[in-house]
Amino acid sequence: MEYDFRTNEKKWQNYWSTNHTFKAVLDKTKPKYYVLDMFPYPSGAGLHVGHPLGYIASDILSRFKRLQGFNVLHPMGYDAFGLPAEQYAIQTGQHPAKTTEENILMYREQLDKIGFSFDWKRQVKTSEPSYYKWTQWIFMQLFNSYFCNDEQKAKPVSGLNKVFNNEGNSSINAAHSCNLSFTAEQWKGFSHKEQQDILLDYRLAYLAESVVNWCPEMGTVLANDEVKDGKSERGGYEVVQKKMKQWSLRITAYAQRLLDGLENLDWSDALKDIQSNWIGRSEGAQIKFDLDGHDEVIEVFTTRPDTIFGVSFMVLAPEHELVSKITTAGQKVEVEKYIVVSSHRSERERLADVKNITGAFTGAYVKQPFSDEKIPVWIGDYVLAGYGTGAVMAVPSGDQRDWDFANHFGLAIPPIIKGQDVSEGAEVSKDGEIINSDFLNGMKVKKAIKLILFKVKEMGIGEHRINYKMRDAVFGRQRYWGEPIPVYYVDGVPNLVKEEHLPLALPKVDKYLPTSDGEPPLKRSENWNYNPEKGIVKSGEGYELELTTMPGWSGSSWYYLRYMDADNPNEIASKEALEYWGPVDFYLGGAEHATGHLLYFRFWTKVLHDLDFLSFDEPAKKLLNQGMIQAEDGQKMSKRYGNVVNPDDVIADHGADALRLHEMFLGPIEMHKPWNTQGIEGVSKFLRKLWRLYHDVDGDFNISEEPATKSELKSLHKVIKKFAEDTERLSFNTSVSAFMVAVNELGDLKCNKREILEPLTIVVSCHAPHITEELWNKLGHSESISKAELPIYNEAYLKEDTKKYPVSFNGKMRFMLELPMDFNKQQIEEAVTTNEQSERWLEGKTPKKIIVVPGKIVNIVL
RNA sequence: GCCCUGGUGGUGGAAUUGGUAGACACGCAGGACUUAAAAUCCUGUGAUCAUUGCGGUCGUGCGGGUUCAAGUCCCGCCCGGGGUACCA
């Protein structure tokens with residue numbers, strides 16, 4: 001009987017499911033291992049062969065860890081809130097929950113066919129009220145916390161209130177967006193609303209007027225990571241800058257910790273680089289320049305304070321608050337005209353138009369603090385209002401953008417680096433020697449920066465400063481299909497909904513569109529007011545509830561915690577479960593989430609850690625990015641190009657084990673690689689050959705109890721060793737060739753011995769679980785092969801008595817010579833030089849040198 | 001521009017620490033079995049020169065270098081993929 005994958009795979013999938021074979025149970029006597037996949041958004045298109053690639057790899061690792069005796073947590077769920085379901089709802093009027101549920105069922109069916117060892121009892125769906133209750137609860141923790149810069153951690157806002165009462169806000173060093181400073185007396189004098197507005201500016205979840213990415217097509221705001229090249233990442237719609245009052249999360253407070261934390265993570269350098277570039281730390285100085293004829297000062301941020309003697313003008317962002325104040329009457333028309341023009345340029349135009357240098361002179365001057373020289377103040381949109389102080393000290397000889405600006409407007413370019421040619425461009429390297437700079441003359445950059453920092457501090461005009469490119473994350477979406485934000489308003493002051501009223505469930509609406517006056521869809525609900533005693537009440541009968549919903553990345557920022565204790569009605573997960581299972585030992589998913597999900601995921605973990613809910617402060621110790629599978633034509637696999645390969649079809653033709661093996665065999669997991677339809681024949685053939693080892697020519701199961709020979713044991717232990725090593729270093733493709741080599745060798749040896757085949761079955765079972773369950777069962781085992789123990793390789797079986805040495809002359813391999821393994825250098829050298837094959841290559845010469853690496857090579861230098 | 005990645009036969013890839021480049025597959029060619037096909041098995045398969053056989057030369061994107069020895073290390077380029085971009 002040939003191997004019949006169709007009935008066999010179904011048989012074992014049913015067995016696993018009815019016996020709950022992969023159910024994970026908290027068991028403190030066993031070491032745990034948590035393998036997590038990035039959960040999918042269940043789209044209507046279903047899975048193509050690219051999607052399971054990562055799931056197969058993580059499944060192999062999970063099974064491997066089980067065989068090693070770990071208690072493995074390997075869950076799966078759905079990132080179920082999202083825009084496509086909502087767009088579909090707008091078009092068809094169907095509730096997004098309905099289409100989402102349909103898609104989930106389709107996904108589940110596809111996933112089940114591949115033979116994954118998920119513990120489905122722990123499944124989460126982010127759009128379920130029982131799940132998003134806790135997403136809302138985490139939002140409340142964020143709302144109730146502020147970030148203390150001194151301790152570098154989140155703390156309860158209630159503590160802030162006390163400090164304000166006692167000493168105002170001057171002594172507190174916290175992350176905030178409050179531009180007031182006040183004394184205790186003033187604080188006590190503020191109204192309730194004023195106090196609440198100030199506290200809001202300190203909260204980690206805060207409401208603030210800010211410039212946001214507004215997408216008119218989608219009718220919602222987007223976070224920075226959701227915008228690519230001035231267009232929305234999803235849909236590619238135009239995005240414009242707009243000032244709006246929005247919920248935001250103060251992730252910037254965690255910038256330094258998010259950066260520092262990378263160091264101890266076993267993530268790829270590529271990914272860590274993407275995150276650290278996105279965080280964008282830069283170290284420098286903030287320096288004040290006195291304005292000529294005004295009380296105000298212009299503050300600039302610079303990473304090169306040592307170039308301060310090269311400053312020949314200042315540039316403010318057009319939106320800078322001092323612009324209107326300092327512009328002289330004579331320049332007023334020009335400046336105002338420029339501001340209007342630049343404000344009408346969209347982000348996109350600005351990006352596309354980098355070469356075009358624009359700006360205007362304000363007519364004002366500042367004083368260079370050391371030379372008292374008068375320096376003209378310009379405005380220009382190459383200076384961004386949102387970064388640093390929104391103003392720069394322009395050093396055209398040291399910064400190319402400043403140089404371009406100076407060159408364009410005919411401003412002075414004083415040289416400050418020895419030997420530089422200012423007519424050519426700026427000298428940006430940090431190697432030069434400083435000139436024309438008073439007390440800094442003759443110094444190198446590093447030393448000069450130290451000295452100038454000391455000087456400006458001494459003079460009270462500047463200080464050391466660190467800036468980050470990363471911005472706070474806009475958290476509200478003018479959309480329906482997301483978690484409601486658990487906030488209601490009393491006289492414009494946001495209040496948290498009572499915890500007992502969670503989950504704050506999405507209300508019914510008649511349409512999923514904004515209202516006619518542009519309010520979000522939740523405004524349409526007839527039941528969207530709040531009464532602190534009763535909970536949700538009819539619209540018009542209570543306080544206004546928040547109308548925006550949370551962004552798509554909310555549910556995914558903490559889902560890994562819920563898997564640890566998925567049904568807990570009282571907590572996000574029990575302390576015990578969090579303590580035992582956390583953090584994730586191995587996380588697998590696409591690199592496209594580097595600046596979105598993976599940052600928020602780390603951020604929420606750190607907050608929950610600070611608030612003592614978690615003992616760890618990084619969610620995933622080790623992370624692997626799987627590559628993309630391209631279509632056979634090298635393009636992206638997409639419905640649009642009609643080149644999608646559906647795993648269901650592959651499984652119908654070749655079986656799930658073949659699919660799994662083939663996807664791994666395509667190449668290293670982290671690489672992009674094209675799908676290859678023909679190649680699957682190779683792994684199918686392998687599975688048939690494997691089957692045949694256990695069966696005689698008539699197809700009857702036939703196993704010998706005879707002891708194994710040396711060469712059989714060698715084949716077996718080679719593959720045991722290779723599989724374990726390969727899997728530890730996540731090289732899933734090379735294991736497959738090792739399996740093939742073993743099966744080919746054992747086939748040649750006509751080996752059907754239990755002593756060999758039993759361990760071999762276990763070794764292959766992680767990659768090909770169905771066929772091996774069947775063989776395992778035929779070998780007489782009543783338990784699943786996943787409960788077996790990983791065979792340990794024995795060095796003794798791999799030891800050779802002889803070694804075939806490659807013998808090289810001048811580095812070129814000329815012939816092989818078999819010598820006893822225990823020959824020492826001397827003996828090897830003698831054997832090689834006296835060997836008759838050497839004569840031809842020696843040509844009578846005496847070797848200059850003979851290199852012998854025992855067990856490896858011989859090289860003779862002539 | 002800057003920061004990451006990658007570049008090896010016709011194809012996917014292997015070579016883990018500098019030590020026989022091309023494992024394992026696909027494809028292709030030839031053969032066995034068969035009335036035929038499928039399945040299975042065997043042989044060959046980097047290029048090139050030579051050929052009766054032995055064999056020689058070249059070869060890991062390009063150009064240099066280090067080394068007894070380089071796909072692997074160093075320097076300078078080219079090309080593909082990703083990230084980021086007036087971030088001071």
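Every chain is numbered from 1 and lettered A, B, ... according to where its sequence line falls, protein lines coming before strand lines. Basis for what follows: all heavy atoms, side chains included, without hydrogens, waters or symmetry-related copies. Owing to the predicted nature of the structure, the values given are computational and were not obtained by experimental measurement.
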>> For Glu283(A) and Arg465(A): C-alpha separation, side-chain torsions, deciding distance, then whether salt bridge (charged side-chain N to carboxylate O under 4.0 Å, His left out) applies.
In response: CA-CA 6 Å; Glu283(A) 192 166 356; Arg465(A) 180 74 188 223; over 6 Å; no
For a quick check of understanding: with a heavy-atom distance under 4.0 Å over all strands, which category does [X] fall into, base, sugar-phosphate or nothing?
{"X": "Arg465(A)", "value": "nothing"}
{"X": "Trp267(A)", "value": "nothing"}
{"X": "Lys272(A)", "value": "nothing"}
{"X": "Lys848(A)", "value": "nothing"}
{"X": "Val853(A)", "value": "base"}
{"X": "Asp402(A)", "value": "nothing"}
{"X": "Lys721(A)", "value": "nothing"}
{"X": "Met671(A)", "value": "sugar-phosphate"}
{"X": "Ile851(A)", "value": "base"}
{"X": "Asn810(A)", "value": "nothing"}
{"X": "Lys469(A)", "value": "base"}

Using the side-chain heavy atoms of [X], tell me which of these nucleotides is nearest: [options].
{"X": "Pro806(A)", "options": "U20(B), A14(B), C3(B)", "result": "U20(B)"}
{"X": "Lys849(A)", "options": "C68(B), C24(B), U20(B)", "result": "C68(B)"}
{"X": "Pro674(A)", "options": "G19(B), G56(B), G12(B)", "result": "G12(B)"}
{"X": "Leu384(A)", "options": "C86(B), A25(B), U16(B)", "result": "C86(B)"}
{"X": "Ile857(A)", "options": "C4(B), G12(B), G19(B)", "result": "G19(B)"}
{"X": "Met816(A)", "options": "U20(B), U84(B), G19(B)", "result": "U20(B)"}

[N] and [M]: how far apart are their [atom1] atoms, nearest whole angstrom?
{"N": "G46(B)", "M": "U34(B)", "atom1": "C1'", "result": "35 Å"}
{"N": "A29(B)", "M": "A39(B)", "atom1": "P", "result": "15 Å"}
{"N": "U66(B)", "M": "U51(B)", "atom1": "C1'", "result": "40 Å"}
{"N": "U57(B)", "M": "A50(B)", "atom1": "P", "result": "16 Å"}
{"N": "G59(B)", "M": "G64(B)", "atom1": "P", "result": "11 Å"}
{"N": "C77(B)", "M": "G1(B)", "atom1": "P", "result": "12 Å"}
{"N": "G55(B)", "M": "A69(B)", "atom1": "P", "result": "25 Å"}
{"N": "G22(B)", "M": "G71(B)", "atom1": "P", "result": "12 Å"}

> Should G9(B) be called syn or anti, with syn set as within 90° of 0?
Replying inline: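 Syn conformation here, the glycosidic angle of G9(B) being no more than 90° from 0.
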Sub-4.5 Å side-chain heavy-atom contact between [X] and [Y]:
{"X": "Ser838(A)", "Y": "Thr833(A)", "answer": "no"}
{"X": "Phe665(A)", "Y": "Ser737(A)", "answer": "yes"}
{"X": "Glu818(A)", "Y": "Lys803(A)", "answer": "no"}
{"X": "Trp278(A)", "Y": "Leu599(A)", "answer": "yes"}

>> Judged by each residue's nearest nucleotide on RNA chain B, which is more toward the 5′ side, Ile680(A) or Asp269(A)?
In response: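 Upstream on the strand: Asp269(A).
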> Considering heavy-atom distances to RNA chain B, does Lys804(A) or Gly280(A) have its closest nucleotide positioned more toward the 5' end?
Replying inline: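 First, find each residue's nearest nucleotide; the 5'-ward one identifies Lys804(A).
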Value rounded to 0.5 Å, distance of [atom1] in [X] from [atom2] in [Y]:
{"X": "Leu659(A)", "Y": "Glu663(A)", "atom1": "CG", "atom2": "CD", "value": "4.5 Å"}
{"X": "Lys673(A)", "Y": "Leu53(A)", "atom1": "NZ", "atom2": "CG", "value": "5.0 Å"}
{"X": "Asp306(A)", "Y": "Ile417(A)", "atom1": "CG", "atom2": "CD1", "value": "7.0 Å"}

Tell me the interatomic distance from [X], atom [atom1], to [N], atom [atom2], rounded to whole angstroms.
{"X": "Lys825(A)", "N": "C68(B)", "atom1": "NZ", "atom2": "P", "answer": "14 Å"}
{"X": "Asp748(A)", "N": "U43(B)", "atom1": "CG", "atom2": "C1'", "answer": "14 Å"}
{"X": "Lys673(A)", "N": "G12(B)", "atom1": "NZ", "atom2": "P", "answer": "13 Å"}
{"X": "Gln678(A)", "N": "C24(B)", "atom1": "CD", "atom2": "C1'", "answer": "17 Å"}
{"X": "Phe732(A)", "N": "G13(B)", "atom1": "CZ", "atom2": "P", "answer": "17 Å"}
{"X": "Phe686(A)", "N": "A39(B)", "atom1": "CZ", "atom2": "P", "answer": "19 Å"}
{"X": "Tyr3(A)", "N": "U40(B)", "atom1": "OH", "atom2": "C1'", "answer": "19 Å"}
{"X": "Lys856(A)", "N": "A21(B)", "atom1": "NZ", "atom2": "P", "answer": "14 Å"}

> Considering residues at least two apart in sequence or located in another chain, which fulfil the side-chain hydrogen bond (donor to acceptor under 3.5 Å, both in side chains) criterion with Glu670(A)?
Replying inline: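 Per chain and number, Glu670(A) pairs via side-chain hydrogen bond (donor to acceptor under 3.5 Å, both in side chains) with no residue.
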What does [N] pair with, Watson-Crick or G-U, if both distances are under 3.5 Å?
{"N": "U16(B)", "result": "none"}
{"N": "G55(B)", "result": "C49(B)"}
{"N": "G63(B)", "result": "C75(B)"}
{"N": "A37(B)", "result": "none"}
{"N": "U43(B)", "result": "A29(B)"}
{"N": "G80(B)", "result": "U5(B)"}

>> Among residues at least two apart in sequence or on other chains, which ones pass salt bridge (Lys or Arg N to Asp or Glu O under 4.0 Å) with Asp266(A)?
In response: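 In terms of salt bridge (Lys or Arg N to Asp or Glu O under 4.0 Å), with neighbours along the sequence ignored, Asp266(A) is linked to Lys622(A).
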>> With hydrogens left out and only the distance checked, is there a donor-acceptor pair under 3.5 Å joining Asn859(A)'s side chain and the base of C68(B)?
In response: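 A donor-acceptor contact between them is present.
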N or O in side chain of [X] less than 4.0 angstrom from [N] OP1/OP2:
{"X": "Arg814(A)", "N": "U57(B)", "value": "yes"}
{"X": "Arg688(A)", "N": "U40(B)", "value": "yes"}
{"X": "Lys685(A)", "N": "C41(B)", "value": "no"}
{"X": "Ser268(A)", "N": "U5(B)", "value": "no"}
{"X": "Asn744(A)", "N": "A25(B)", "value": "yes"}
{"X": "Tyr805(A)", "N": "U20(B)", "value": "no"}

